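Positions are given from 1 along the sequence. The structure presented is a predicted model; accordingly, all values stated were derived computationally and were not measured.
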Amino acid sequence: VERIRDIVRRYPSALLWTHKTYVDGFVVPKILFDNNFPLPHFFGGANLDIPVLSFFLRRAGGIFIRRSFQDNEVYKLSLKQYIGYLMEKRFPMTWSFEGTRSRLGKLMPPRYGLLKYVLEGAHYAGARDIHIIPVTVSYDLVRDAEEYAREQAGLPKAPESIGWMVRYLRSLARPMGRIHVDFGEPVHLALPPNPSDQLAISKIAFQVAVEANRVTPATFPAVVSTVLLGAFARALTEPEIIREVSVLTQWATSRGIRLSPDFNLDYASNMAGLLDNMIKEGIITRFDSGPETVYGIAEGQAPIASFYRNTIVHFFLARAVAELALLAVSEQRDHPSPLSLFWSEVRELRDLFKFEFFYPDTEVFKEDIDAELCLEAHEWQSILIDRADNARLILNRMSPKVGHVTFSIFAEAYSVGADLMERHPESNMIDEDTFIERCMSYGKQAYL
């Protein structure tokens, strides 16, 4: 916080935070307030401009803006001028760069609108040395996950109102563990980009997203959800969970991935207690009437467990791509150039899942995969060049295996949509809502 305070004091700055729940907008200002930090102006959607709440938020630096104002030139010009003034005076600003709460747990694609207006305002105000600071806000558990699961199943989003706000605040009384906040490396802009340079703005937003992902901690519920989903629909005994969690956390530690404080030296001895909040929330179930206690994903709770798994799935990306590329090479034993086939598979997988993850530059991603495999087999490229069969040897050395928990949910969703379009060629002519409704019905049938 002291480092960020120094940056904000000296340079025009914006703190961009991740958005998982309504609580996010209060967490960041509270941490700043508790540390005598100058409270930033924060942007919120006009949907939160509701009586009583908006009265206090406006006096705490809240700025409510419309969701859409593309055709309102006066509104755009006024907003741009106001933001330029704030930047010029070095008043820090903060908002969610995703623009909406992530319903899946992983980062949503950035919304460029507000960032564009901020950088435009900075451009016209002549601001220099702008610092865009990623802030990651993570939770052990969030109340909204239940709502997200319903929305993913096709139910409409509940509208906000005073009654909704009272019910939501009451629901927060249930224990949900810790909130974890950290600041990533700032994205430094010596000069704001030209307002017409959309590519530069998107690159800045992606840099923020990659850095926010990097400093996101792996929480205990996220790791347990990943482990149990990897075995779903089977349950695991307590020793099996401890073993799988230990393998994952050892792998994470060796890669410099941040772990939440629950992963202390004796977490295995308190496994039942650590799982308690997840059991009370109904996400997982404990069965202790047999010879051994077993834990599994509760009936109908896989979408909620997936939400928590998705908060850390980006950490597995390079490894998962490497696993699937090695598997593809091992299935083409007569290929004359196994190594080139491997990198071709990597490019194809990256392209297939390009809408699901924030990737670093192509060369950096290639280096990440090389570094990941070098930790498993230092001479993996030499081994692979010799014979395609050696791909299976490298794959067998790899533990943990993460390809299935990383990609299955997306591959299955893609296959449902693709099957539907193949069966009904007219699908590309129907409206989006109807197509999604058909996908949901077909997906339920496929699951059964």
query = In terms of ring plane angle, is the pair H188 and Y11 parallel, tilted or perpendicular, where the classes change at 30° and 60°?
reply = tilted

Considering all heavy atoms of both residues, which atom of [X] and which atom of [Y] are nearest to each other, and what is their separation?
X	Y	result
N36	R5	O-NH1, 2.8 Å
R350	P360	NH2-O, 3.0 Å
V118	I83	CA-CG2, 3.4 Å
I133	G184	CG2-O, 4.3 Å
S225	A305	CB-O, 3.4 Å
V210	Y359	CG2-O, 4.3 Å

ask   = Does the side chain to side chain contact (heavy atoms under 4.5 Å, CB included) test come out yes or no for V313 and F357, once each step is laid out?
value = CA-CA 9 Å; V313 73; F357 301 97; 3.8 Å; yes

Do [X] and [Y] have side chains that get closer than 4.5 Å, going by heavy atoms?
X	Y	answer
K76	Y117	yes
F353	F410	yes
L317	F365	yes
N277	L141	yes
M398	E323	yes
M93	L15	no
R174	R143	yes
Y447	E412	no

Is the backbone N or O of [Y] less than 3.5 Å from a side-chain atom of [X], with the two atoms forming a donor-acceptor pair by type?
X	Y	answer
N310	S306	yes
H19	T100	no
R309	L229	no
T249	S246	yes
R128	G126	yes
R319	E372	no
D24	T21	yes
D288	T293	no

key: Chi angles and distances behind the side chain to side chain donor-acceptor pair (under 3.5 Å) call for Y112, Q198   = CA-CA 9 Å; Y112 303 129; Q198 186 64 31; over 6 Å; no

To the nearest 0.5 Å, what is the distance between [atom1] ([X]) and [atom2] ([Y])?
X	Y	atom1	atom2	result
N35	K30	CG	NZ	9.5 Å
I436	L420	CD1	CG	11.5 Å
K20	K106	NZ	NZ	10.5 Å
K444	C439	NZ	SG	12.5 Å
I284	I279	CD1	CD1	4.5 Å
D361	D368	CG	CG	10.5 Å

task = Keeping to residues at least two apart or across chains, list the ring-ring contact (aromatic ring centres under 6.0 Å, His included) pairs with something in residues 196-229.
result = F206-F358, F220-F263

query = Can you pull the salt bridge (Lys or Arg N to Asp or Glu O under 4.0 Å) pairs that have at least one residue in residues 242-254, sequence neighbours excluded?
reply = none

ask   = Restricting to pairs with a member in residues 205-220, which pass salt bridge (Lys or Arg N to Asp or Glu O under 4.0 Å), not counting sequence neighbours?
value = E211-R214

task = Begin from the C-alpha positions of D144 and Y168 and carry the test side chain to side chain donor-acceptor pair (under 3.5 Å) through to its verdict.
result = CA-CA 9 Å; D144 311 54; Y168 185 80; 2.9 Å; yes

ask   = More than 12 non-hydrogen atoms from neighbouring residues, nucleotides or ligands closer than 6.0 Å to OH on Y85, yes or no?
value = no

query = With a distance cut-off below 6.0 Å to the six-membered ring centre and an angular limit of 45° from the axis, does R59 pair with F55 as a cation-pi contact?
reply = yes

message = Is the positively charged end of R101 above the ring of Y22, judged by distance under 6.0 angstrom from the centroid and angle within 45° of the axis?
response = yes

ask   = After noting the C-alpha distance and the side-chain angles of T285 and Y295, does the key distance pass the side chain to side chain contact (heavy atoms under 4.5 Å, CB included) rule?
value = CA-CA 6 Å; T285 183; Y295 298 87; over 6 Å; no

inquiry  = Looking at R3 and E185, is any side-chain nitrogen of the basic one under 4.0 Å from a carboxylate oxygen of the acidic one?
reply    = yes

ask   = Any salt bridge between D351 and K354, counting N to O under 4.0 Å?
value = yes

key: Between Y414 and E356, a side-chain donor and acceptor under 3.5 Å   = yes

inquiry  = Under the criterion side chain to side chain contact (heavy atoms under 4.5 Å, CB included), I'd like the reasoning laid out for W95 against I63: C-alpha separation, chi angles, the key distance, then a yes or no.
reply    = CA-CA 10 Å; W95 71 92; I63 302 168; over 6 Å; no

inquiry  = Go through it in stages, so that I can follow the logic: the residues are T136 and W17, the test is side chain to side chain donor-acceptor pair (under 3.5 Å), and I'd like the CA-CA distance, side-chain angles, deciding distance and then a yes or no.
reply    = CA-CA 6 Å; T136 180; W17 37 270; over 6 Å; no

message = For a ring pair (Phe, Tyr, Trp, His ring centres under 6.0 Å) check, start with the C-alpha distance between W251 and F316, then their side-chain angles and the critical distance, and finish with the verdict.
response = CA-CA 10 Å; W251 173 82; F316 309 135; 5.6 Å; yes

inquiry  = Quick check on side chain to side chain contact (heavy atoms under 4.5 Å, CB included): which of T216, D182, I31, V27 does V137 satisfy it with?
reply    = V27

task = Just do the salt bridge (charged side-chain N to carboxylate O under 4.0 Å, His left out) check on R10 and D6 with the steps written out, would you?
result = CA-CA 6 Å; R10 295 164 58 194; D6 184 57; 3.0 Å; yes

message = One pair to check against side chain to side chain donor-acceptor pair (under 3.5 Å): T434 and D431. What are the steps and the verdict?
response = CA-CA 6 Å; T434 305; D431 65 276; 2.8 Å; yes

query = Can you check side chain to side chain contact (heavy atoms under 4.5 Å, CB included) on T18 and V135, steps first, answer last?
reply = CA-CA 7 Å; T18 58; V135 185; over 6 Å; no

